[in-house]
Structures are given as C-alpha cells and as structure tokens.
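Only one structure is covered here, and it is reproduced in the block below.
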Amino acid sequence: MARSTHSFSPEEMARYSRHLVLPEIGPAGQEKIRRARVLVVGAGGLGCPVLMYLAAAGVGTLGIVDDDRVELTNLQRQVLYDESHLGRLKAEAAAGKLSDMNSQITTIPYPERLTSRNALTLFARYDIIVDATDNFPTRYLINDACVLTDKPDVYGAVYRFEGQVSVFNWGKGTDHRGPNYRDLFPEPPPPELVPGCAEGGVLGVLPGIVGALQATEVLKLITGTGEVLSGKVLMLDARTMAFQTIRFCRDPNNPLTGTHPTIRELIDYEWFCRHPASSENTIPEISVEELEAWRRSGKPFQLIDVRQPFEKEIVTLGGDLIPETEIDQRAHHIRKDVPVVVYCRSGIRSARVVQRLKEKGGYANIYNLKGGILAYIQRFKPDWPVY
Amino acid sequence: MIRVRVRFFAMIREITGVEDLWLELPEPATATVFWEQLTNRYPELQPYRHQSRLAVNQEYASGDLLLRDGDEVGIIPPVSGG
C-alpha cells in the first residue's frame, strides 16, 4: 500500500491505522499531517481539545502560546490539566502532557503573551494558526497577523451555551483569500457589553465541542479533505443543539483587506478594543485607589454591590447588595443625592448596571468601580480570598 | 407593512428573553428601519447596534439592505469566550 515516499514505522502504521485506511486521508494525508506545523494560541477551554486531538492525530509540530498558569477554576473544562498541574504554566504543562500522549510529535511551549511585537515572527514559523483565545484584543491581533503573514486562522469562540466557528483568510494570494474576522465583526464591542467565561460562565463541555470542531477544520486544511468552513460562520447552541451556518463575504470596507486598506502593520489591540470607533457611551468609572481615598476621607457616597449573595459571602467591600438582576425592581434604593459607586467581581456587570441606570436617567453621579473587587484586593488586600 | 422573523443569539437573546419573534416593519424596510423598530421595543439593545451584524436568510447583509415580507433576520453579536 504505502509507497516509499511515505515511510511510516510499524508503530506509526499501528497508531495511525484508522487514518491510513480512510480513503480521504490515507498514507499521503497522514504524511501531510506529520509534516504540518500548527500554532495554537490559548491553551484554555478551546485550546485543550484542539491540542489533544491534533497531538493524537500526529500533527508533527504543535506550538502552544499561553502565559497563564493552571488554576482550580480551569479544571471544569480545560481537560489537559489535572490537580497536579495547579500553579504551573499552561504552555509547559500542556506540552508535557501532549508529549506523554504522543512521543512522536514535537511540542513547543511559548509561555508568553501573544503581542504585536512577537506575533509575526511566531506565525511565520507555522502553517496554520488556531485562535483559541478568550479576549477580543488577541482575536483581532491573530486575525491581522494571519493576514499579514498569509496564514489561515481557525477561529472558535464561546459564550455560556453558544459557540461560533469559522476559518478566516483561507486561500493563498491576496485576491483569493477568504474573508476574515474583520469582515465578520468590523469593530470590537465595548468591553462591558460582552462578558467572558469568568463573568458570564460557560458550560464546561461547550469549548470541548467548539475546540473539536476547530481541530476538524485544521485536519481538513492540512489534508485538503472536504469543504473548509471559509466564508461561513457556524453558530451552535448547546441548549437546543441547533447548528446553523451563515454565509459572509469580504467587506470592501475592511481596513486590512478591503479596497482601500488603512492597516498595513500590527497596531495596539488593547487600545483598539477599548476605544471602538462608534462607541457612543462611555461609562464613568473610578479606580480602586480613588475609592480607597473616598473611604478614608469620609466623603459621603453610596457603595452598591451588584453580585449574587453567595459572592458577597466569599468576599465583600461592604455596601448595599442589589444583584444585577434585581436592579430595575430595586432602583429606588439607589440614592440620587450622593455619588454612587457600583462594583462586582471584575467590573463588567457593574459597568452594565451603570449604563442601564444612566439610560434610565436621574443618576448623574454614578460610577463603575474599574476592575471590581478583584482589582481592590490585588491593590490593597492581597490576603483576601479571590474567586 | 411587512413582517420579518427575528432570531437572537448570545447576550442579545438574554436581553430580549426570547429566541425569536415576529417584527412588523414599515416599507421600505431598511436596516435603519429595522433597528429603529427593534430598539423601540427593546431600548437596551441600542448599545449592541453597531457591533452586531444582521444575517438575512442565513446570509450576512451588506449596507444597502432591503427586507422583504417573511425574511428571517439573525442578529449576530461578537462573543469572545474561550
């Protein structure tokens, strides 16, 4: 069967036999998988299943970019890690675990943050980039760096029970490339509008489903099998198991790949995502330092905690507890005669509450506590519990 | 007047509290008319207007959109979790 161009050892023949017998893959496809170099950015909920399936499939070189360490809150869904990994760098823990799973592949950990400074050099060493991150700045950075280095971007994102998957920038040469992330979402949303997993929660298995779909697209790209999810975004809802694909095209106004490009190099993505061009609402906020100064000065103000009661039991800054979900019914408890500071865990829910109260009108002197109680603890009470 | 079926996803679905609904629109039913009618009903959706894309009958809509009776309009918000 295998011609001499595909030299698989007896162990490899056995290990990959279920691929070798697939007509769509076979020895030629498995050889492509062995030669492939895939960079996975983010080794969290999405990155774990992507990495595990690609390692098992025999992808020859797997790069892993992540500067986080394994935390207990990760273990509900980040299935590469176990309790012995707590506190270790994810990139290194993942690389070790993947080498145990498949000693024939090379894993390269990059325990650093992907930035505008390192992205292009890093991407140039790989064939395919997987976006398994958890934040908008990095998603735009990956997209733009993929366009600038001419690499496909295998995108996945999750929210509570819902997921999105697509393949961006697929096809060689400027004129033949499929659409990219900026064609789908030209602008990042104001940060307070879209909670991440920590704020919004996520069904543990959901990133497993979405990550497995991303790994599938990677293997299709490598082997040239099937129809790539390019120019389409798959939307899935685990509550109803409804899957639908929505077609989208290149947007002539895309600042990177449109008819009049204005972006020709990587930009400051943190800044870009904090200052979306069309943002009409700015949320007044105060820093934890200002809050502490207010408290010490005896300045009259009302502090409102919009978290759930169980969160208050974990750790609290005091103030009146009015959970976000009860704000409308209990708005009369919010004072209009003194400044009001609203806080939550990390400042996202409280920003939404501030925005809602501003829209209601009458609350001219209301502020979001930037960074929430977590920022306060980090700055003033490092021995308090965090969650 | 025409009627379109609107489908919501992610945060937007949580604001409306429903997966879908029928919305009546005066003609010509442009994207602007659509958003005006929808935000009349759900003012909280106003901040999402600029960042969420419309998909008409499973296809992303371009700027000069004109909705027809019976169209299905999906509102796709960006999500970032991973």
Side-chain angles (χ1 to χ4, degrees), chain A residues 42 44-47 131-136 138-139 156-164 179 181 183-190 192-198 200 202 206-207 210-211 232-233 235 237 239-240 242 244-249 251-253 276-281 355-356 359, chain B residues 4-22 30-32 34-68 70-82:
Chain A
L46 294 170
D131 177 353
T133 57
D134 60 359
N135 64 85
F136 288 111
T138 315
R139 293 190 182 284
V158 294
Y159 176 79
R160 294 190 165 166
F161 289 81
E162 293 172 61
Q164 299 176 352
Y181 189 56
D183 296 308
L184 197 57
F185 300 116
E187 256 180 38
E192 64 279 4
L193 289 186
V194 184
C197 294
V202 63
L206 180 73
V210 172
K232 290 180 252 179
V233 58
M235 315 265 299
D237 186 342
R239 277 171 299 225
T240 52
Q244 62 169 306
T245 51
I246 290 169
R247 292 184 301 278
F248 67 104
C249 305
D251 178 351
N253 297 317
S278 70
S279 174
E280 293 167 349
N281 302 294
Q355 170 150 350
R356 195 138 97 229
E359 283 165 7
Chain B
V4 297
R5 182 174 171 233
V6 192
R7 300 192 58 180
F8 304 109
F9 299 93
M11 304 77 72
I12 292 184
R13 202 187 102 134
E14 287 160 13
I15 289 170
T16 62
V18 293
E19 258 174 72
D20 57 3
L21 56 79
W22 286 93
T30 60
T32 310
F34 171 84
W35 277 108
E36 273 168 10
Q37 294 296 314
L38 191 67
T39 50
N40 276 346
R41 194 146 158 190
Y42 298 103
E44 312 94 296
L45 290 184
Q46 188 61 38
Y48 292 88
R49 178 172 170 168
H50 289 286
Q51 283 79 30
S52 303
R53 316 308 290 170
L54 298 183
V56 181
N57 304 326
Q58 275 85 54
E59 185 135 12
Y60 246 50
S62 56
D64 49 357
L65 166 72
L66 211 54
L67 294 168
R68 287 170 305 186
D71 275 349
E72 182 184 296
V73 186
I75 305 179
I76 320 249
V79 298
S80 71

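In the text below, chain A, chain B and the rest are named by the order of the sequence lines, each starting its count at 1.
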Contact winner vs chain B - A:Pro186, A:Gly163, A:Gly42, heavy-atom pairs under 4.5 Å: A:Pro186
Side-chain (A:Arg160) to main-chain (B:Ala10) donor-acceptor, under 3.5 angstrom: no
Separation of A:Glu162 CD from B:Glu14 CD (nearest 0.5 Å): 7.5 Å
Per-residue contact mode, B:Arg13 against chain A (heavy atom under 4.5 angstrom): side chain
Leading residue by heavy atom contact count with chain A [cutoff under 4.5 Å; candidates B:Ser52, B:Pro43, B:Pro78, B:Gly74]: B:Pro78
Minimum side-chain heavy-atom gap A:Asp237-B:Phe9 below 4.5 Å: no
Student check: side-chain heavy atoms of A:Gln164 and B:Ile76 closer than 4.5 Å: yes
Donor-acceptor under 3.5 Å (B:Glu59 side chain, A:Arg247 main chain): no
Under 4.5 Å from any heavy atom of chain B - which part of A:Pro252: neither
Test item: A:Ile246 and B:Arg53 side chains (from C-beta on) under 4.5 Å apart, heavy atoms: no
Nearest-0.5 Å distance that lies between atom CG in A:Leu184 and atom OH in B:Tyr60: 3.5 Å
Contacting region of A:Thr138 [heavy-atom separation from chain B under 4.5 Å]: neither
Heavy-atom pair of closest approach, residues B:Met11 and A:Val194: CE-CG2, 3.6 Å
Side chain / backbone / both / neither for A:Leu206 at chain B, heavy atoms under 4.5 Å: neither
Test item: A:Gln244 and B:Arg7 side chains (from C-beta on) under 4.5 Å apart, heavy atoms: yes
Choice from A:Asp251, A:Val158, A:Asp131, A:Val233 maximising heavy atom contacts with chain B below 4.5 Å: A:Val158
Any B:Glu19 side-chain heavy atom under 4.5 Å of A:Arg239 side chain: no
Check: B:Gly81 main-chain N/O paired with A:Tyr159 side-chain donor or acceptor under 3.5 Å: no
